[in-house]
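Notes follow the structure.
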Amino acid sequence: MTTVSIREVTFSEQLNRLDICDTAFALLDEQGTVTGWTQAAERLVGYSAGDVVGRSAGLVLPSFHDARTTSAFIEQCRVENGWPGATALRHRDGRMVDVSLRITMLHGRDGTARWLASLTDTGSLSGDAVSETVRGSLLAHAPIGVVVRDPQLRCVLVNDVIGEHDGIPRDRRLGRRLADVLPSAKAEALESVMRQVLHGGSTKVHEYRAWLPTRQGRQHPFAASFHCIQGADGEPLGVCVISADVTEGRRTRECLTAVSEARTRLGGSLDVMRASQALADLAVPLFADYVSVDLEQSVQIGEGPPVHPGTTAGRLPVFRRAGQASIHPGVPESAWTRGEPVPVPPASPFAAVLRTGRPQLERNLDVASSPWIDRRPALARRFQENGMHSLMIVPVRVRHALLGVVIFVRTENPVPFDEVDLLLAEELVGRAAQALDNARQYVREHTAALALQRNLLPRRLTGGTAVEAASRYLPADMDHGVGGDWFDVIPLSGARVALVVGDVVGHGLHAAATMGTLRTAVRTLADMELPPEEVLAHLDDTVQRLADEEDCDDPDWAPGAAGATCLYAIYDPATRVCTMARAGHLPPAIIDPRGQATFPDLPSGPPLG
């Protein structure tokens, strides 16, 4: 038999900040009539116990009106929007309050049943940028143990979860005080707290540690909150004790913190491979023991149309491993390294994600009963050797486009994934998807700008009969160097040669396009046989005109290049004179036959534009 030893009971300021402390509770019978009320419920909706007890829950819960019983209401919620989840309460002043609602069935003696409604104001939840819906759903899914005791502290109602917390069976608990079931000084201390709550009508939160053999012989911490249940006359009907797993709650809060920071932590890179690896590193070991990030190959190279869920009924898209992490060195769970193509078994959950765009949860993965694994001996062996027993597959989606999938696997952690884990994983991947999409857009623009620049720059330089020309273009910043840099060698009359180098401010497609315009303008001006300073003056007018044409009243319009620098030189082989002018550009380097470089003292005019 499982035994319990309560090692310690302590007040905890940290636990007083738990969401469970601010939760409102109400007792309902099967007909949906309110039989008990708490002060937290009064604070939430403005109705006192005298206003509500004895009346239908539909007074504050509008959606309850369509249900004849509490059981029917729960079934209605499951059908309409899943259960548990978000709903709205009617405040006494008429306004609606968004809450996270769960209704827990409680068992009494002789087979009687009651229902405990737990309501948490999602609008007042402390924390971060995680959506209220996600936080509310997490609270609603979190397993809690419930015991309701009468004024004499005898157990009158209990749910099934509390037995998993302390190992005491229901029939042994009902009708008895805690001190009768578990005689100890600590039990007396807990009952003292219950009496304080009964007499003061307040809510208190404590932490206790239960020594459970089912927990591998370790102490397991629980948070217990004590709530005074009031009747229609406002007098105490009893005390409701809510027990929550502190360890699981702490892990959930850590996951919520990681989710909130994901966009910031992952958004610092415009490299999809780096961002994917950062996502995998963030998720291990907090979310899973092994995580892989596979992206559709066009995301990495910036070319090709986006993939949309539901359009993969025929040939599946090609995915490549972009990131992976494991609690084990060397990532033994993966058969592929980063950058390699990853095949998608047609009958697997992975293919189902591609078809539907919805995540897949495989709670208990049995290799023998999963044909998509069993028919692939190498894959089955890898699953078995690494103890991969539970997995989640979450699509990376942005604006209806499918960028890839993230796979979460548990190996060492024996607890299977559940809906709460899937909810957290979806929120994390959703945040990461924004960073990956930004990186994808950058890769696409970078690739297009590079192609445009290569097409606009001269492929072969000719200096006529007097000059041998050679060039090499090497950006100083390889990540952001593609843009508006250009150079040219233009033969002129009389064997003269014009040498040009320039740089448009900015990077990307717009800078490359502006560069092409200026290069064409320089060639046109060179044909006019103008001296260098006049060429730059006319070029300045061109840049000004381009800037004027870009003026736009649209607040969403982002201007592109806003200026340029240029160095223009004309070399005359007959006189061996080189005439130069520069507009904000660096002076040229002149190397003599001995290899020594000098920089002419060339005055600089303002940049073009």
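Within the 4.5 Å cutoff, the side chain of Gln230 has no heavy atoms near those of the Glu235 side chain. Looking at heavy atoms from C-beta onward, Asp160 lies out of side-chain contact with Met105 at the 4.5 angstrom threshold. Two residues are said to be in side-chain contact when any heavy atoms from C-beta on lie closer than 4.5 Å; Val146 and Val161 fail this criterion. Within the 4.5 Å cutoff, the side chain of Leu106 has heavy atoms near those of the Leu27 side chain. Between Arg149 and Glu191, the closest side-chain pair of non-hydrogen atoms is not below 4.5 Å. Looking at heavy atoms from C-beta onward, Leu391 lies in side-chain contact with Phe383 at the 4.5 angstrom threshold. Side-chain atoms of Asp289 and Val284, non-hydrogen and from C-beta on, never get closer than 4.5 Å to each other. Between Val34 and Leu59 the shortest side-chain heavy-atom distance does not fall below 4.5 Å.
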**Study point:** Thr38/Ile229 under side-chain contact (heavy atoms from CB on, under 4.5 Å): CA gap, chis, key distance, verdict
**Key:** CA-CA 5 Å; Thr38 62; Ile229 303 294; 3.6 Å; yes

Practice item. Could you check Phe408 against Val429 for side-chain contact (heavy atoms from CB on, under 4.5 Å), going step by step and ending with a plain yes or no? Key: CA-CA 11 Å; Phe408 301 83; Val429 173; 3.9 Å; yes

Review point. Are Phe25 and Thr104 close enough, and set up right, to give a side-chain contact (heavy atoms from CB on, under 4.5 Å), and what steps lead you there?
Key: CA-CA 11 Å; Phe25 295 97; Thr104 305; over 6 Å; no

Practice item. Output, in order, the C-alpha distance, side-chain angles, deciding distance and verdict of side-chain contact (heavy atoms from CB on, under 4.5 Å) for Ile242 and Leu116. Key: CA-CA 11 Å; Ile242 308 296; Leu116 182 73; 3.8 Å; yes

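Summarising the geometry, atom CD belonging to Glu412 is positioned 4.5 Å from atom CD1 belonging to Ile327; distances are rounded to the nearest 0.5 Å. Atom OG1 of Thr120 and atom CG of Asp98 lie 12.5 Å apart (nearest 0.5 Å). Atom CG of Leu354 sits about 9.0 Å away from atom CD1 of Ile393, to the nearest 0.5 Å. The CZ atom of Arg382 lies 7.0 Å from the OG atom of Ser334; values are rounded to the nearest 0.5 Å. Interatomic distance, CG of Asn159 versus CZ of Arg170, reported as 9.0 Å (0.5 Å rounding). Between the CE atom in Met194 and the SG atom in Cys240 there is a gap of 10.5 Å [rounded to 0.5 Å].
Arg410 places a side-chain N or O within donor-acceptor distance of the main-chain N or O of Val415, the cut-off being under 3.5 Å. No donor-acceptor pair under 3.5 Å is formed between the side chain of Gln360 and the backbone N or O of Ala352. The backbone N or O of Thr112 sits nowhere less than 3.5 Å from a side-chain atom of Asp110 that would complete a donor-acceptor pair. A donor-acceptor contact shorter than 3.5 Å links the side chain of Thr70 to the backbone of Asp29. Listed for the Asp150 side chain is no donor-acceptor partner under 3.5 Å among the backbone atoms of Val156. Asn386 places no side-chain N or O within 3.5 Å of a backbone atom of Met388 that could act as its donor or acceptor partner. Counting only distance, with no hydrogens or angles, the side chain of Ser243 and the backbone of Ile162 share no donor-acceptor pair below 3.5 Å. The main-chain N or O of Leu119 is never found under 3.5 Å from a side-chain atom of Ser100 such that the two would form a donor-acceptor pair. Counting only distance, with no hydrogens or angles, the side chain of His227 and the backbone of Trp37 share no donor-acceptor pair below 3.5 Å.
For Arg363 and Glu419, the salt-bridge test passes: some basic side-chain N is under 4.0 Å from an acidic carboxylate O.
Enclosure of atom CZ in Arg55 is not indicated, since only 12 or fewer non-hydrogen atoms of other residues, nucleotides or ligands lie within 6.0 angstrom.
Between Ser71 and Trp115 the shortest heavy-atom distance is OG-CZ2, 3.4 Å. In terms of heavy-atom proximity, Thr23 sits nearest to Ser118 at CG2-CB, 4.0 Å. Closest of all the heavy-atom pairs between Arg173 and Ile168 is NH2-O, 3.0 Å. Taking all atoms of both residues into account, the shortest heavy-atom contact from Pro395 to Gly357 is CG-O, 3.3 Å. The shortest heavy-atom contact between Arg176 and Arg172 is NH1-O, 2.9 Å. Across all non-hydrogen atoms, the minimal contact from Cys155 to Val158 is SG-CB, 4.2 Å.
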